[in-house]
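A short worksheet on the structure shown next.
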Amino acid sequence: MRKTRLILAVPALAALAFIGPATAQPELTLRADFNQTLHVLRGGIGASWHAMETPIPVVGDRSHGGSGWGGYPPAGDDAAWRQIYRHADWLGLDFCRVEIEQRIYEPERNQFTWDSPEMKILSRILDWCERRHVDVFLQQMWGNVDWNAFPEFRGDPIKRVHSGPHSMNDFADGLAALVKHLVKTRRYTCIKWICINNEPRYDWSWWQRPPNEPMSLRAGLEAVRQAFDREGIVIPLSGPDWTDLPELKPQEIDFDPFIGAYDLHSYVARFDWSTGKGYPLAQAEQRLRAWKSWAGERGKPLFLSELGSMVFGWNGSDPGPSTFDAAIKDAELVVRALNVGVEGFNRWSFINRGDLDGHWQMIDTWDPATKTLLKSFPPKPNAYFVYGLISRLTAKHSTLVATEVGGGRIDETNRVFAAALRSPKAQCTWIIVNDAPRAWPARLRVSGANRSRLHQYQVTFQQKDNLSLKIAPAFKARLKAGEAVFSDELPAMSLTIYSTYDLGARDKGIIAE
């Protein structure tokens, strides 16, 4: 019997030969006890937004700003933003990484452009987050300013975007000025965490000094913390923002005094049953457990501030990150990471051009053929309906509760994973991923659920790539004194959620309670 932290394996999707519906006797038992609480999340489940629209050089198949720019409408396009807000509402995004660069607010030293076109896009994003009580993880991706690039990098748009700050104090003062403007002048209360640079410490990333060496992250965090303290800004910093879910090496962590949270990225985790590039999800769990232990001993949360899938292909216009296989893998990562103790999840990304380093978007806003914005913004299938179903049915700051899974194995590899959350107002959501190429007849037991009815929401492999999918609740069980025992079948390669929330197909998702 696997308890609390479910680790189940999953089969390959591309050519699924489904083994078919099962025998009459349940081969799988699952239990969720909503009375047995484990910990309260200091984050939630959401996706990244960015404010940058000015192009960053793309050379061959490499975009030097990744896909952290482009694909957004101008701030003045009310009709377009109504579409964006409608999708964000449906998805219930409650923990969102909001990304900026220094250029959009301080293009020259001490010259601040609070009303630039991209700052107006940032306002559009933060306005929605403020109204909907979203927790914002504010992320400065890079500087991209000549005035504070290293002299050797100035005048070159590629080297400039990769440059770390030539003057760390000027960098810190500029970021402090931005945050002061946002929280004291604009009075945003939604900004809960701040990260100073995207994926530092690599020779390909955006925190470089000549000739091409990563700079000290500690120096940046210390300078920013001091600048914030001078301005009376109490928002905690997060770090190290490293990819790709590295092994914990305590000797590398010299910045702990300056941060209030740890965050990492994961892109090349793969199903335990699969082979090839990347690392199995079981190894991802092991690494996250070590990081969680380290962070927890210091009273700090651990976030996955970027997650997605590169193992099915990426780069350019590769659809790999948006495949159904990728969606199920991402859902499984969330479930297994919840059980390890990760407290916040941010999928890359809510809006993305899709032609810079793969199809990462959850809604389509960009026409790669004409290089223009679309008139209407439809859902991007798979990610929207799988990851989005989890974000839709969970509230920020929910409590992880105990779960058990028995059975659901193929060739000694676990294929079914589950996690359960109780919302601040005691709504119950039980998330189950089956990554096997077969269905499982299951016997399920719920206890401690403070409601009368349990509903089922589900997305299966047969529904992949369905642009117009409608997910409505199906009544599954009546709860008596908070308990129910019932039978069901978990389809092959599927996400199933049982919840006391009763959300119609068009209702807004859950964000805060």
Side-chain angles (χ1 to χ4, degrees), residues 43-53 56 63 65-73 81 84-85 87-89 91-101 104 118 121-129 132 134-142 190-199 205-206 238-239 241-245 261 263-267 303-310 314 321-322 326-327 330 333-334 337 342-354 356-366 377 379-380 383-384 386-388 390-392 396 509 511:
I45 300 174
S48 64
W49 309 54
H50 59 256
M52 292 83 79
E53 279 296 303
I56 295 172
S63 171
S67 54
W69 59 274
Y72 281 75
W81 281 94
I84 290 171
Y85 292 157
H87 285 298
D89 283 338
L91 291 164
L93 305 174
D94 56 47
F95 179 74
C96 291
R97 190 175 187 244
V98 176
E99 297 141 1
I100 56 171
E101 64 179 12
I104 74 171
E118 287 152 307
I121 290 176
L122 177 62
S123 294
R124 278 285 198 173
I125 297 167
L126 294 178
D127 287 349
W128 178 81
C129 292
R132 300 288 277 120
V134 174
D135 281 7
V136 169
F137 184 103
L138 186 65
Q139 173 76 53
Q140 176 137 314
M141 300 291 279
W142 41 71
C190 56
I191 301 171
K192 305 299 184 183
W193 312 92
I194 296 173
C195 188
I196 69 169
N197 185 260
N198 180 61
E199 299 179 343
S205 65
W206 300 275
S238 184
D241 211 61
W242 291 339
T243 201
D244 193 271
L245 196 54
D263 73 285
L264 300 166
H265 300 177
S266 176
Y267 283 104
F303 302 137
L304 274 174
S305 55
E306 284 189 32
L307 68 90
S309 291
M310 291 179 169
W314 68 289
S322 69
D330 292 346
L333 174 62
V334 170
V342 176
E343 299 186 36
F345 301 85
N346 184 89
R347 188 186 182 277
W348 186 270
S349 52
F350 175 42
I351 294 177
N352 192 293
R353 280 177 41 147
L356 296 172
D357 60 6
H359 289 194
W360 297 103
Q361 65 270 32
M362 297 183 75
I363 61 174
D364 280 321
T365 63
W366 186 253
F377 302 160
K380 185 71 172 177
Y384 189 95
V386 178
Y387 184 90
I390 298 176
S391 63
R392 176 170 169 74
K396 72 175 188 178
I511 291 180

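When a residue number appears, it is its place in the shown sequence, counting from 1.
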- Task: Considering non-hydrogen atoms only, spot the tightest contact between Ile100 and Ala51 and give its length.
- Result: CG2-CB, 4.5 Å

- How many angstroms lie between atom NZ of Lys192 and atom OG of Ser238, to the nearest 0.5 angstrom? 15.0 Å

- Between Cys129 and Cys190, what is the shortest heavy-atom contact and its length? CB-SG, 4.1 Å

- List the steps, then state whether side-chain contact (heavy atoms from CB on, under 4.5 Å) holds for Tyr387 with Met362. CA-CA 9 Å; Tyr387 184 90; Met362 297 183 75; 3.9 Å; yes

- Task: Check whether any side-chain N or O of Gln139 sits under 3.5 Å from a backbone N or O of Asn197 as a donor-acceptor pair, and report yes or no.
- Result: yes

- Who are the ring-ring contact (aromatic ring centres under 6.0 Å, His included) partners of Phe377, not counting sequence neighbours? none

- First locate atom CG of Leu93, then atom CG of Asn346, and finally report the distance between them rounded to the nearest 0.5 Å. 9.0 Å

- Determine, step by step, whether Leu333 and Phe345 satisfy the side-chain contact (heavy atoms from CB on, under 4.5 Å) criterion, reporting the C-alpha distance in whole Å, the side-chain angles of both residues, the deciding distance to 0.1 Å, and the verdict. CA-CA 10 Å; Leu333 174 62; Phe345 301 85; 5.9 Å; no

- Item | Pairwise distance NZ(Lys380) to NE2(His359) - rounded to 0.5 angstrom | 4.5 Å

- The side chain to side chain donor-acceptor pair (under 3.5 Å) partners of Asp241 (sequence neighbours excluded) come to Arg97, His265, Ser305

- Query: For Asp89, which residues count as a salt bridge (charged side-chain N to carboxylate O under 4.0 Å, His left out) partner, sequence neighbours excluded?
  - Reply: Arg132, Lys508

- Task: Could you check if a side-chain atom of Trp142 sits within less than 4.5 angstrom of a side-chain atom of Ile56, using non-hydrogen atoms only?
- Result: yes

- Query: Rounded to the nearest 0.5 Å, how far does OG of Ser48 lie from CD of Glu99?
  - Reply: 4.0 Å

- Message: Please check: side-chain N/O of Asp263 versus main-chain N/O of Leu304, any donor-acceptor pairing under 3.5 Å?
- Response: no

- Message: So which atom in Ser391 and which in Gly388 form the shortest heavy-atom distance, rounded to 0.1 Å?
- Response: OG-O, 3.0 Å

- Find the distance between CG (Asp330) and OG (Ser309) and round it off to the nearest 0.5 Å. 3.5 Å

- Task: Can you sort out the partners of Asp357 under side chain to side chain donor-acceptor pair (under 3.5 Å), two or more places apart, ordered by chain and number?
- Result: Ser67, Trp360

- Note on the structure: Taking every heavy atom of Pro73 against every heavy atom of Ile84, the minimum-distance pair comes out as CD-CD1, 3.6 Å

- For the student: nearest non-hydrogen atoms of Asn352 and Ser349, plus distance: ND2-OG, 3.1 Å

- Got a sec, which residues hit ring-ring contact (aromatic ring centres under 6.0 Å, His included) with His50, two or more places apart in sequence or on another chain? Tyr72

- Item | Any side-chain heavy-atom pair of Ile196 and Gln140 under 4.5 Å | no

- Item | Working for side-chain contact (heavy atoms from CB on, under 4.5 Å), residues Trp81 and Ile121 | CA-CA 10 Å; Trp81 281 94; Ile121 290 176; 4.0 Å; yes

- Would you confirm whether the ring centroid of His87 sits within less than 6.0 angstrom of the ring centroid of Tyr384? yes

- Query: Hey, does the side chain of Ser266 reach the backbone of Leu245 with a donor-acceptor pair shorter than 3.5 angstrom?
  - Reply: no

- Item | Donor-acceptor contact present, side-chain Asp94 to main-chain Ile45, <3.5 Å | yes

- For Thr365 and Gly71, indicate whether the former's side chain and the latter's backbone hold a donor-acceptor pair under 3.5 Å. yes

- Query: Can you check whether Tyr267's main-chain N or O pairs, donor with acceptor, with Asp244's side chain at less than 3.5 Å?
  - Reply: yes

- Message: When you measure from the side chain of Glu118 to the backbone of Glu53, do you find a donor-acceptor pair of N or O atoms at a distance under 3.5 Å?
- Response: yes

- Message: Nearest 0.5 angstrom please: Ile351 CD1 to Gln361 CD, how far?
- Response: 10.0 Å

- Item | Whether Tyr85 side chain and Ile125 backbone form a donor-acceptor pair below 3.5 Å | no

- Item | Any residue meeting ring-ring contact (aromatic ring centres under 6.0 Å, His included) with Phe303, in chain and number order, not counting sequence neighbours | Phe95, Trp193

